[in-house]
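Data block below; observations after.
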Amino acid sequence: MEQNEIQKDKSYFQVAEGVWGLTDIFTNVYVIRNDADNSWVLIDAGLKTGYGKIKKMVGDLFGENARPSAILLTHGHFDHTGSLKKLAEEWDVPVYAHYLELPYLQGKSAYPPPDPSVGGGLMSYFSEFYPKHSADVIDRVGAFPGIGHDVPGLPEWKYMHTPGHSPGHVSFWREKDKVLIAGDAFVTTVAESAFSVMTQSKIISGPPKYFTCNWLEAESSVEMLASLLPEVVATGHGKPMNGKEMQQELLELAYYFQEQAVPKKGRYVMSPAITDSQGVVSLPKEGSNPVEVFLTISAAAAVAAIGIALYARFKNERSYRL
């Protein structure tokens, strides 16, 4: 398929050479082609609502009955594995993740629970109701094989362990053109704000606060990724970004991580969740009571409703003037 034909379908977008992305509601998935043999892999599997969109995207790119050589996961949170089991079974392909992520994908452990007390917007406040278990794909998921951080099916790429947001979180890196798929190690929108997510405003931000369970590791991961000086970044939430301005924002996030990324309060701010290869070992005590969270959610919902209404009015008035 010619490139100009691909770009007519606005449901997905090109990130870099041989790399495409798709946004389902508020979460991104990516497809990467292996130019050596024209095979391809899927990175992450989005929400349950993304199944049909993913199928359409890969059908357009590779043909109606195409299937990947593998599905690779940055991590296993519910918004990155919603369509995973259905796609893996239908395509009959292996699933790979970091070995520290396996207990959550094999039904051995729930993730450290999300933390609505971090604030920042509706996405945080409602996180108490997000699924705490990932897709159970015990028969298909395995740890990345081999040594040297090689990526199955992608000889030009390496994976890097970038924990903090989750224990086994990884990012994917192509050195030749400095393309980084960072998952949720950092994101390119304000993930806690429903308004920011809805409008897809571009800004380099720390990992989604409500699911990040180890802030010291998260900081180290961002420092490592920033030191690569990527030319293109594609993340789990938000639009891809590139260029010098993006690099500067990422370096500033790494340098001012405590001020810009770490919440002022939260369950995991002072004490991380303790995990190992079997899952969660221990958790710090919760920091907020249910009544406080409920009242905060109600207030935030009212503010968000006003903001959305004003944004819609602004768009309508701008369209009318044009």
Side-chain angles (χ1 to χ4, degrees), residues 15-19 21 23 27-30 32 41 43-44 72-77 79-80 96-101 144 148-151 154 156-192 196 200-263 268 272 275:
V15 175
E17 178 188 349
V19 183
T23 302
T27 301
N28 297 327
V29 303
Y30 297 97
I32 303 178
V41 303
I43 293 185
D44 289 342
L72 313 178
L73 298 177
T74 60
H75 62 301
H77 284 156
D79 53 337
H80 293 257
Y96 294 107
H98 192 276
Y99 79 93
L100 290 175
E101 210 71 5
F144 287 111
H149 298 274
D150 293 333
V151 178
L154 295 177
E156 294 185 323
W157 292 76
K158 299 289 185 182
Y159 77 87
M160 296 170 289
H161 186 206
T162 49
H165 183 63
S166 74
H169 189 287
V170 299
S171 303
F172 299 96
W173 171 249
R174 186 167 67 185
E175 174 65 31
K176 74 171 186 179
D177 53 0
K178 297 187 178 298
V179 176
L180 173 66
I181 297 180
D184 287 1
F186 66 89
V187 295
T188 56
T189 188
V190 182
E192 299 77 32
S196 181
Q200 290 284 282
S201 56
K202 285 187 178 182
I203 180 172
I204 298 289
S205 304
K209 293 180 175 68
Y210 45 85
F211 258 142
T212 300
C213 61
N214 189 318
W215 285 102
L216 285 177
E217 288 188 340
E219 182 174 15
S220 295
S221 294
V222 168
E223 289 174 349
M224 178 178 68
L225 295 177
S227 71
L228 297 172
L229 294 178
E231 294 288 345
V232 178
V233 298
T235 63
H237 306 277
K239 294 180 178 180
M241 294 177 66
N242 57 35
K244 297 298 182 184
E245 184 176 349
M246 173 275 293
Q247 290 178 341
Q248 183 63 35
E249 284 189 32
L250 183 54
L251 287 169
E252 288 179 359
L253 175 65
Y255 191 80
Y256 297 106
F257 190 85
Q258 291 292 325
E259 295 85 352
Q260 291 188 12
V262 180
Y268 306 108
T275 63

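Residues passing the side-chain contact (heavy atoms from CB on, under 4.5 Å) test with Ser221, sequence neighbours excluded: Thr162, Pro163.
Screening His237, His169, His77 for a side-chain hydrogen bond (donor to acceptor under 3.5 Å, both in side chains) involving Asp184 leaves a single residue, His237. A side-chain contact (heavy atoms from CB on, under 4.5 Å) with Val233 is found for exactly one of Leu180, Val179, Leu228, Val187, namely Leu180.
Looking at Tyr255 and Glu223, their side chains never come closer than 4.5 Å, going by heavy atoms from C-beta outward. Looking only at side-chain heavy atoms (C-beta outward), Arg174 and Glu17 come within less than 4.5 Å of each other. With contacts defined as side-chain heavy-atom distances shorter than 4.5 Å, the pair Trp157/Ile181 qualifies. The shortest distance between side-chain heavy atoms of Val41 and Tyr96 does not fall below 4.5 Å. For the pair Leu72/Ile32, no side-chain contact is recorded, criterion being any heavy-atom separation below 4.5 Å from C-beta on. Side-chain contact between Val232 and Asp177 is absent, with no heavy atoms from C-beta onward closer than 4.5 Å. Between Leu251 and Leu229, the closest side-chain pair of non-hydrogen atoms falls below 4.5 Å.
Distance check: Phe144 CZ to Lys158 NZ gives 12.5 Å after rounding to the nearest 0.5 Å. Taken from CD1 in Ile43 to NE2 in His80, the straight-line distance is 12.0 Å, to the nearest 0.5 Å. In this structure, CD in Glu252 is found 7.0 Å from CD in Glu249, a value given to the nearest 0.5 Å. To the nearest 0.5 Å, atom CZ of residue Phe186 and atom CG of residue Leu250 are 4.5 Å apart. Going from atom NE2 of His165 over to atom CH2 of Trp215 covers 9.0 Å, rounded to the nearest 0.5 Å.
Nearest approach of Tyr268 to Thr212, heavy atoms of both residues: CD1-O, 3.5 Å. The two residues Ile204 and Thr188 make their nearest non-hydrogen contact at CD1-CG2, 3.9 Å. Minimum interatomic distance between Val15 and Pro240 (heavy atoms only, all atoms of both residues): CG2-CG, 4.0 Å. Taking all atoms of both residues into account, the shortest heavy-atom contact from Ala185 to Pro207 is O-CD, 3.4 Å. Here the closest heavy-atom approach between residue Leu253 and residue Ala261 is recorded as CD1-CB, 4.1 Å. The minimum heavy-atom distance linking Ser166 with Glu101 is given by the pair OG-OE2, 3.1 Å.
Between the side chain of Thr74 and the main chain of Ser171, no donor-acceptor pair closer than 3.5 Å is present. Looking at His98, its side chain never comes within 3.5 Å of a backbone N or O of Met160 through a donor-acceptor pair. Panel note: side chain Asp44, backbone Asn28; no donor-acceptor pair is recorded below 3.5 Å. Side chain of Glu231 to backbone of Asn242: no donor-acceptor contact under 3.5 angstrom is found. A donor-acceptor pair is defined here as one N or O able to donate and one able to accept, closer than 3.5 Å; such a pair exists between the side chain of His149 and the backbone of Tyr159.
Heavy atoms from other residues, nucleotides or ligands lying under 6.0 Å from NZ of Lys244 number 12 at most.
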